[in-house]
**Student:** 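A single structure is presented below for examination.
Just the heavy atoms: all of them, side chains too, but no hydrogens, waters or symmetry mates, feed the values below. Sequence lines set the chain letters: A, B, ... in the order given, protein chains first and strands last, and positions in each chain run from 1.
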Amino acid sequence: MNRWFPLIGLEIHAQLNTKSKLFSNASKKFMATPNSCVARFDASMPGTLPILNRKAVELAVATSYALNCQVALKSSFDRKHYFYADMPQGYQITQQRAPLAKHGFVDYLSESSKMKRVHIHQVQLEQDSGKSLHDEKEGLSLIDLNRAGVGLVEIVTSPDIRSSSDACSFVKEVMKILQYIGSCTCKMEEGEFRVDANVSVSADISVMGTRTEIKNINRFKGIKQAIDYEITRQIKILQEGGKVVNETRGLTNSGETVSMREKESAYDYRFMPDGNLPYLILHTNESIGKAQHKNAINVDEIRSNLPTLPSEYRRRLQNEYPFEKDIIDFMLENKMAEYYLALVAHRPQVDRMLTFDYIRVHLLPYLERKELSFDECPLKSNDLGDLMYMTHSYQIDGSICNKVYQEALDTNKSPVQIIKENGWYKISDETMLSSWLDQVLDEVKQQSPDLLVFPPKRRKLETAVKKLTSHVIGRIAIISDGKAHAKLMRMIVKKRLDMLIDEQREEQKSSGASS
Amino acid sequence: MASNELFRKTLIQVRELLKHNKISPEDLLTVCQHRMRETSALNYFTNAVEKHDPLINSKIDLPLKGIPFSVKDNFYTEDMPTTCASLMLENHIPEFNATVVEKLHAYGGSMMGKDNMDEFAMGSGGCESQFGPVRNPWNYSELEVEGNDDFYVAGGSSGGSAAAVAAGATFFSIGSDTGGSVRVPAAFCGVVGLKPTYGALSRHGLVPLCNSLDVPGIFTRSVADSAFVFNILKGRDINDPTTIKQQIPNSRVKPEEDVKGMVIGIPKEHYIDGTHPDIRAAWDKAIKQFDDAGATVIEVSLPNQEYVQPCYRILCCSDVAINLAKFDEFEYGRRARHGEFKEELNYLSRDYGFSEKVKRRIAAGNFFLLEENKEKFINKALSLRRMIRGDYAKAFGAKDSSVSPFASTSGPLPCDLLLTPTTSVTSPLHSSFTAMADLDGAEEQDPHDLAGVPEVDYHVTGINIAGIPAISVPVGLSTNQHGHEMPIGLHLVAWEQQENKLFRAAKFLEQESNFHHWVENH
């Protein structure tokens, strides 16, 4: 039985997170009324010209650097022609001859927690197309140009990927990178992030088989479905002695790939430089002074202002604590890492897992509800760090912790201040707590010594212990004016009572033995 | 002032009259409207402005206040049809003004009409309009008197713009120049035609022919007028990313210009067979005039001149194929009445809407663009383009390493200007132009035919490929075999953004040649 080696390359289309489109000032909004976000240029009105969106270029440059690419200081735009009703110009503006960036790579953690690398072939700027909607009932074809001309970065990888799960891990990493630098929000359900997968299989690991391209995968699950289906399909064909046809395929809702058109009869895109767009010239720290206009873009500046990338956060989190992969992924996906790392840097004494849990259970749902990022969180990482520290070091009770947390969010006061104002500090000094316990146990001994006799005569042991415990704790609360740390106190009481019971049991044993 | 003479003035002259209240804007309007009626047979407008806004009597001295002009019908005009002289856009009414139109309105100009042209600006005769050919004002009435229904062509593709100014219907007009479309009709109609540096004037709102070559051009009856309008229209436009970002200095034309110290290059490749002897003589005469006036005249070489037309045809047809794709009755253009399916509708609409010549160019363009032909055509044309520009850079001693590896400063004496004829013939009769340009398709053409009409476009097209400015100046008359006197245009070329040099030398030619625009029977 042959072993088959799949080889996968991806083309990722990510909508740039800009207010307006790539070449017009029409706004970019998901689910807007059809044809309400269309500038004259988007409708290809004759005589209108493309005006390149500066922000889109900046985001694409940042994306390129985040993907470790070399950014070209001079790139150009080409027209890629096809006749679709939702492509009003008759062509898409893209970067075929001289793309914005080349030769990058992305390191990602595979499902088996191995670091792997995918090479990025190129990154280019291009326009999105409009949408055709077919009303079968009325027999109408409708066109919505809201998406026409929205800016995309296309990220083309080398065929470096060997499995669908690696493809998914890689795509997740790319999504995180784009989200971290803010170039794309990557909401696949809103069509902001789409993937084409080139898949081939070969019996010889060093040879690439005939590939097929599965276009326009627009749901995350679909990536795995499409690749797995295609690998199985191709292996079956090859095992039966057939030939894989180089073709473009689509993914059905049920996760199968179906042929769209054969590449042999491939569409000729008739690429041509776009005469309406001058070269895209970018500057460096050295050349920016010679730039002819104030809108010139300095790539060095963009590179040095790149935010910390997920891979760096992953490294720092791993240094911090042996978290499991899933937890780190969770933190990265929820953009929690920076907040978390700042918190533990401020209060290194806090319990790592408890703190993560507290953020996950309390703060994250709150931020999601309020649609805030961790940056915008009203409770700063230092403050939550203080609160966690005081909780974990028993300076306050767990119940008080939640109360303080809530009040801090509501009032914008610092937890330390809230605790001080309310006198919520607890006494956690063990000697102090023990002396209170001694005092109460003496009381009990004098008033109702029966309670301290074990095993009790009329009750079950557990019931008696429970009753005694709550009595003792209640009394300590009164004596200590509520300052005794409840959880800690409970632990001390339990320990002491257990000791008492054990002592008496030993005594009874030895007396029984002697009698 | 006798109003029947007013139309013979230049823009600068009527501005003076207006300034000193010798005439009113209403006078100008009346005179031009009268002139339009008198010369309507020339067919220079596709649509005339019927209603004029009451002229504002503001005290603000707008530079073009009340001055009648017209624009080629491929410039967008708000609420007024913009047809490109094609059935495809017969009823197309834009919702905004092209930047040049907007500027002319803002400066107080008064638009008289939209200039007739070759369909989608493809042509050099002004004959290929769906609204009928433009007729050259020169000797039009003579032929009529002779009972001859032939006429002289106005040149193209901006034929209507040239004829309107030559006929006195407007004081200036705006055309577009992709491969000579302003300078050829200017030479044929005996007016001044300026093709500015690529990007000096905004293309926003200009229906494109070839995006990387198109530039709005200016027709006037004097060099000073040309500079005046150029100063108004030039400059960066945020709606056109290809406009030049740096400030372009204003050009000033002195009442008398001298050319002492200028270096005038005569490209030897422009001595070609078939040049009319009168044109050759006019050229020689001009060379002598420059020489006598203290300019240095030298011979230069543009070795890649022979590749200009193939390069132009490939780039132009390719862009035509692309730019006309949107006229699919879906987005733009008229829809065929019948046709059930999208493809059929598409086919019928495009088949009806475009003329044979346009269709031929679309087919050729798509042929050039095919992946299998890319190396053979598009990529060759793109490198030819760099070589052709390099030739000019070398002649002008321009450092242009960014564009051309061929440019060097270590050549012969760097030229300020080049001087050639604009066309090798004067305006031909419509009947002979039809044969010359094979308009009736007598000869089977295949898409490889990249020659153009050499008598007409040989001298002018390289300028567009190089992206540099040029001007055609009328310098005299030539008597043809029919005994008709037709104007001769000479062609001055400068390096990019050196329009000021062009105007200076053009003014010199104008004053030396003493060309009379208004001759008997015209």
**Student:** Measure the spacing between OH of A:Tyr269 and CG of B:Leu369 and express it to the nearest 0.5 Å.
**Tutor:** 15.0 Å
**Student:** Under 4.5 Å between any side-chain heavy atoms of B:Lys326 and A:Pro46, yes or no?
**Tutor:** yes
**Student:** About how many Å separate CG of B:Asp240 and CD1 of A:Ile51, when rounded to the nearest 0.5 Å?
**Tutor:** 7.0 Å
**Student:** Side-chain contact test, heavy atoms from C-beta onward, threshold under 4.5 Å: evaluate it for B:Arg203 versus A:Asn276 and give yes or no.
**Tutor:** yes
**Student:** Are A:Arg79 and B:Asn211 packed together at the side-chain level, in the sense that at least one heavy-atom pair is separated by less than 4.5 angstrom?
**Tutor:** yes
**Student:** Examine whether an atom of B:Leu324 lies under 4.5 Å from a heavy atom of chain A, and if so say whether it belongs to the side chain, the backbone or both; otherwise answer neither.
**Tutor:** neither
**Student:** When you look at NZ of B:Lys359, are more than 12 heavy atoms from neighbouring residues, nucleotides or ligands closer to it than 6.0 Å?
**Tutor:** yes
**Student:** Does any part of the side chain of A:Thr48, heavy atoms only, come nearer than 4.5 Å to the side chain of B:Phe96, both counted from C-beta?
**Tutor:** yes
**Student:** Side-chain contact test, heavy atoms from C-beta onward, threshold under 4.5 Å: evaluate it for A:Met272 versus B:Asp319 and give yes or no.
**Tutor:** yes
**Student:** Identify which of B:Val207, B:Asn373, B:Leu370 forms the greatest number of heavy-atom pairs closer than 4.5 Å to chain A.
**Tutor:** B:Leu370
**Student:** A quick test of your reading: do over 12 heavy atoms of other residues, nucleotides or ligands sit less than 6.0 Å from OH of A:Tyr279?
**Tutor:** no
**Student:** For the atom pair CG (B:Asn239) and OG (A:Ser24), what is the distance rounded to the nearest 0.5 Å?
**Tutor:** 11.5 Å
**Student:** May I ask you to test the A:Asn295-B:Lys245 pair for a side-chain heavy-atom distance under 4.5 Å?
**Tutor:** no
